[in-house]
There are 2 protein chains.
Amino acid sequence: MLTSERKALIQQILRQEGRLVAKEFSQKLGVSEDTIRRDLRELAGEGLLLRVHGGALPASPAVADYESREQVGSSAKARLGQAAARMIQPGQIVFLDGGTTNVQLARHLPHDLKAVVVTHSPSIAVELVRHPLVEVELIGGRLFKHSIVAVGTTSAEAISRIRADLFFMGATGVHPETGVTTGDREEAAIKALIARQSAETIVLATHEKLGAASPYQIMPLADIGTLVTVTGLPGETLRPFKSSGLTLVEV
Amino acid sequence: MLTSERKALIQQILRQEGRLVAKEFSQKLGVSEDTIRRDLRELAGEGLLLRVHGGALPASPAVADYESREQVGSSAKARLGQAAARMIQPGQIVFLDGGTTNVQLARHLPHDLKAVVVTHSPSIAVELVRHPLVEVELIGGRLFKHSIVAVGTTSAEAISRIRADLFFMGATGVHPETGVTTGDREEAAIKALIARQSAETIVLATHEKLGAASPYQIMPLADIGTLVTVTGLPGETLRPFKSSGLTLVEV
DNA sequence: CTTGACTCTGCACGATATCGCACGAAAATG
DNA sequence: CATTTTCGTGCGATATCGTGCAGAGTCAAG
């Protein structure tokens, strides 16, 4: 049994049964527990499963994950969201991507702002119910549960019929070389499509995303119009972004 | 049973039933009370639940949940939702309408149920993120904020491309003469369309909706397949429904 | 063929986590 | 106030974890 075969089997079992006990599995395969534990550790390192005491669980697109992300740097995200909300002019058509930062944006939209918000995120849509003057256009499609956004051809088709003034994009990595990246291929494609349909693309990035890279590229750095980030970052972190031609906003 | 599984189960039970008794739960799982208490303490430490003497309560009841708790008959809605959830067979394609009762339905879907859920309600979509085996298809369109559902031609077009086995419909009035009614014209039209695309339409109605009528008719009573309502209603209220040919389920 | 670098695996061992039990404190109950 | 239930903590037994290390196998260069 090859290591990669074993790892593939582990993931298959997690998908089918929703859990895996290290001891039990090692006996079933006739290898030592250590080997299994090593596999589990490595897969967990790649984010492909959730390591727990005694075994592993699927890297659930589950809510625990999403909620924990919501709390990471929440004050910074709130600041970013607030600043971004002020960039919207009355009457504009704005596309809001999913993600916790954009939820903050939605939450901080001025109450007297009249605008049209297009989104493929049901979380954003629910958030905007409170804003009486904002008209919400929901993009449908297959729900990608990890990010809680609609993806797939249905979404792509709906998006291609819309032209927006601004697009507030979420991303898991913003890097001078690899550009703007995210963790899912299909999500990356959808984000790129939305950007093509929008006059200007604005990326909100907390400090831990600057200089980070994820597997799938959405677009090169040069295609972003504006990058909004927090103040107080070291000059060497920001220099490559400043020199790449985009507008850098620190809040 | 892994520790983290137990903790996940605790949170699920709190979402579904709104409370958990330590002693009772420990017996159900066959572990000591101490273990459960430890779990509860740790989860409470992370702010994931509210520790109370004898057990635990949900930490931050979700908005829909909170609202339904304040209304009369919240437990009735939960009961209806629970009963409706059991009517779904594995592998079926189910259309879920918006509304608080259907949120309860989504929350009570069996955790091991593999099915496809189609919905034009972003609230339902967000709720279903927790169900790893349920594939969610989101219908897009203009958001009608009062009911938090997507409506309009975009939605209609998307709906017309889908055929579902079951449709769980929400309504504000169910009356022997005026049929099933709701408060918005466009919403009524969308509901009627979904019903046409579905093999069977099931209406969940709490007691205050039976015999009530709203301005816009969705469909006559005869076009409903099943009406699910609570037990203990007077015979004269139910008689006209029983004689109209639909299946009446009391839970 | 030999050698050396590399990977995979299993074992040993100390560190950590989990769990049930015991006991006194605190809270609910009547 | 007395009784009962529940709670929190300390403790020991057991399970699980991570790491260091050594043996076996692979592979390519010499």
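Chain letters run A, B, ... following the sequence lines, proteins first, then strands; residues in each count from 1.
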Any side-chain N or O of [X] under 4.0 Å from OP1/OP2 of [N]?
X     : N      : result
A:R51 : D:dT16 : no
A:R6  : C:dT9  : yes
B:T35 : C:dC19 : no

* **pair B:V174-B:V203: side-chain heavy atoms closer than 4.5 Å** => yes
Between atom [atom1] in [X] and atom [atom2] in [N], what is the gap in whole Å?
X     : N      : atom1 : atom2 : answer
A:R38 : D:dG20 : CZ    : C1'   : 10 Å
B:R41 : C:dA17 : CZ    : C1'   : 15 Å
A:I36 : D:dT16 : CD1   : P     : 14 Å
B:K23 : D:dG8  : NZ    : C1'   : 18 Å
A:F25 : D:dA15 : CZ    : P     : 22 Å
A:D39 : D:dT16 : CG    : P     : 17 Å
B:E42 : D:dC7  : CD    : C1'   : 15 Å
B:L2  : C:dC19 : CG    : P     : 9 Å

* Asked: When the nearest nucleotide of DNA chain D is assigned to A:G54 and to B:A22 on a heavy-atom basis, which residue is associated with the more 5' position?
  -> B:A22
* Asked: In terms of the angle between their ring planes, are A:H131 and A:H111 parallel, tilted or perpendicular, with boundaries placed at 30° and 60°?
  -> parallel
* Asked: Is there a donor N/O on one and an acceptor N/O on the other, under 3.5 Å, for the side chain of B:D34 and the base of C:dC21?
  -> yes
* **A:S214/A:T172 under side-chain hydrogen bond (donor to acceptor under 3.5 Å, both in side chains): CA gap, chis, key distance, verdict** => CA-CA 7 Å; A:S214 292; A:T172 57; 2.5 Å; yes
* Any donor-acceptor N/O pair, A:N102 side chain to A:L105 backbone, under 3.5 Å -> no
* Asked: Contact class for B:V52 (heavy atom, under 4.0 Å): base, sugar-phosphate, or nothing?
  -> sugar-phosphate
* **Candidate nucleotides C:dC11, D:dT9, D:dC7, ranked by approach to the side chain of B:R37 - the nearest** => D:dC7
* Structure fact -> Taking D:dT6, D:dT16, C:dC8 as options, the one with an atom nearest any side-chain atom of A:T3 is C:dC8
* Asked: With sequence neighbours left out, what residues match A:R142 under salt bridge (charged side-chain N to carboxylate O under 4.0 Å, His left out)?
  -> A:E186
